[in-house]
Structures are given as structure tokens and as C-alpha cells.
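Note that ligands are numbered from 1 as they come in the structure, with each ligand's atoms numbered from 1 the same way. Computed from a predicted structure; not experimentally measured.
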Amino acid sequence: MRFDQVGGQCTALYPEKPIYDIPGHPRIDAADLVEKLKEQAAPFKPVYHLNQQVEGLERHGESWRVTTSTARSSMPSCRHRRGCRASVP
Ligand SMILES: Cc1cc2nc3c(=O)[nH]c(=O)nc-3n(C[C@H](O)[C@H](O)[C@H](O)COP(=O)(O)OP(=O)(O)OC[C@H]3O[C@@H](n4cnc5c(N)ncnc54)[C@H](O)[C@@H]3O)c2cc1C
């Protein structure tokens with residue numbers, strides 16, 4: 001498993017593969033789809049926690065605590081969120 005890039009299987013396993021079942025795209029290569037998704041997410045200023053392995057996930061009331069190989073972060077529950085960005089104490 002690689003933790004140094006976004007895109008999951010699309011990036012790691014088949015970046016050159018054409019995908020035909022994405023709404024609004026009659027055909028799009030997997031790597032291009034990942035680029036489009038990054039572009040779409042950019043205005044929300046996502047924080048990418050690369051090179052960290054998630055080791056624990058605990059619910060604390062309305063938020064979640066994520067423990068990774070390098071940090072512990074709290075993030076609001078998506079149901080009640082104004083944004084799902086993690087805040088690292
Ligand atoms: C050859 C192939 C062709 C496919 N073609 C299509 C298609 O045409 N259309 C389609 O709809 N679907 C297709 N799929 C399925 C599609 O790729 C998956 O459904 C999709 O990637 C799932 O997305 P995901 O974000 O849930 O998980 P993933 O893409 O698997 O991403 C999970 C990410 O989390 C990371 N991760 C895992 N565990 C941890 C951890 N403990 N800590 C930190 N990070 C972690 C992984 O490294 C990865 O980057 C295909 C799959 C394959 C293998």
C-alpha cells in the first residue's frame with residue numbers, strides 16, 4: 001500500500017485505464033479523473049495527510065479522533081460538519 005499519493009486504486013493500479021461509468025464523462029482516464037477530483041476539492045482547501053498510516057479511529061461525541069503513524073487529529077462528524085478538515089492539536 002502506498003501512502004504518498006492521492007487517488008487510491010486509480011493512481012496506484014490503473015492510471016492509464018479509461019473509465020466509462022463516471023457521470024458527466026463518457027470516457028476519462030483514471031489519472032485524469034484524480035486530477036479533476038483534486039481540482040474540484042481545491043476550493044475547500046483540503047488537507048492531504050500523506051505518508052501516514054491510519055492506525056485508530058474512535059468516536060468522541062460529535063467528533064472522530066483519528067490516530068495515524070505520525071499524528072492524532074480530531075475532526076467533526078460529517079453529519080454536523082461545516083467542513084471535514086482535520087485539526088491537529
Ligand atoms: C483494475 C481495476 C479497474 C477498475 N475499474 C473501475 C471502473 O471502471 N469503474 C469503477 O467505478 N470502479 C472501478 N474499479 C474499482 C475502483 O477502483 C474502486 O471501487 C475505488 O478505487 C474505491 O475507492 P476508495 O476511495 O473507496 O478506495 P481506494 O481507491 O482503494 O483508496 C483507498 C486509499 O486509502 C489508502 N489506505 C488504505 N488503508 C490505509 C490506512 N490504514 N492508512 C492510510 N491510508 C490507507 C490506500 O493506500 C488508498 O490510497 C476498478 C478497480 C480495479 C482494481
Item to complete: Check whether any side-chain heavy atom of L57 sits under 4.5 Å from a side-chain heavy atom of W64, and report yes or no.
Response: yes
Margin query: Could you check whether any side-chain heavy atom of D29 comes within less than 4.5 Å of a side-chain heavy atom of K17, counting everything from C-beta outward?
Written below: no
Counting heavy atoms under 4.0 Å, the part of Q52 that contacts ligand 1 is backbone
At under 4.0 Å between heavy atoms, what of V54 touches ligand 1? The answer is both
Check: Can you tell me if H49 has a non-hydrogen atom under 4.0 Å from ligand 1?
Finding: no
Flag [atom] as yes if some protein heavy-atom distance to it falls below 4.0 Å, otherwise no.
{"atom": "atom 19 (O) of ligand 1", "answer": "no"}
{"atom": "atom 27 (O) of ligand 1", "answer": "no"}
{"atom": "atom 9 (N) of ligand 1", "answer": "yes"}

> So, R65 side chain and T67 main chain: donor-acceptor pair closer than 3.5 Å or not?
Replying inline: no
* Counting distance only, does the side-chain N/O of S69 pair as donor-acceptor with the main-chain N or O of Q53 below 3.5 Å? -> yes
Q) Can you find an N or O of Q9 that's nearer than 3.5 Å to an N or O of ligand 1? A) yes
Worksheet item: Is Y20 close to ligand 1, meaning an N/O of one under 3.5 Å from an N/O of the other?
Response: no
side-chain contact (heavy atoms from CB on, under 4.5 Å) evaluation trace for Y48 with K38: CA-CA 10 Å; Y48 295 103; K38 284 166 60 180; 3.9 Å; yes
Taking every heavy atom of A30 against every heavy atom of C10, the minimum-distance pair comes out as CB-O, 3.7 Å
Tightest non-hydrogen contact, residues T11 and G7, listed as OG1-CA, 3.2 Å
Short list, please: which atoms of ligand 1 are under 4.0 Å from a heavy atom of [X]?
{"X": "F3", "result": "36 (N), 39 (C), 40 (C), 42 (N), 43 (C), 44 (N), 45 (C)"}
{"X": "G8", "result": "29 (O), 31 (O), 48 (C), 49 (O)"}
{"X": "R2", "result": "47 (O)"}

Between the CD1 atom in I28 and the CG atom in L33, the distance rounded to the nearest 0.5 Å is 5.0 Å
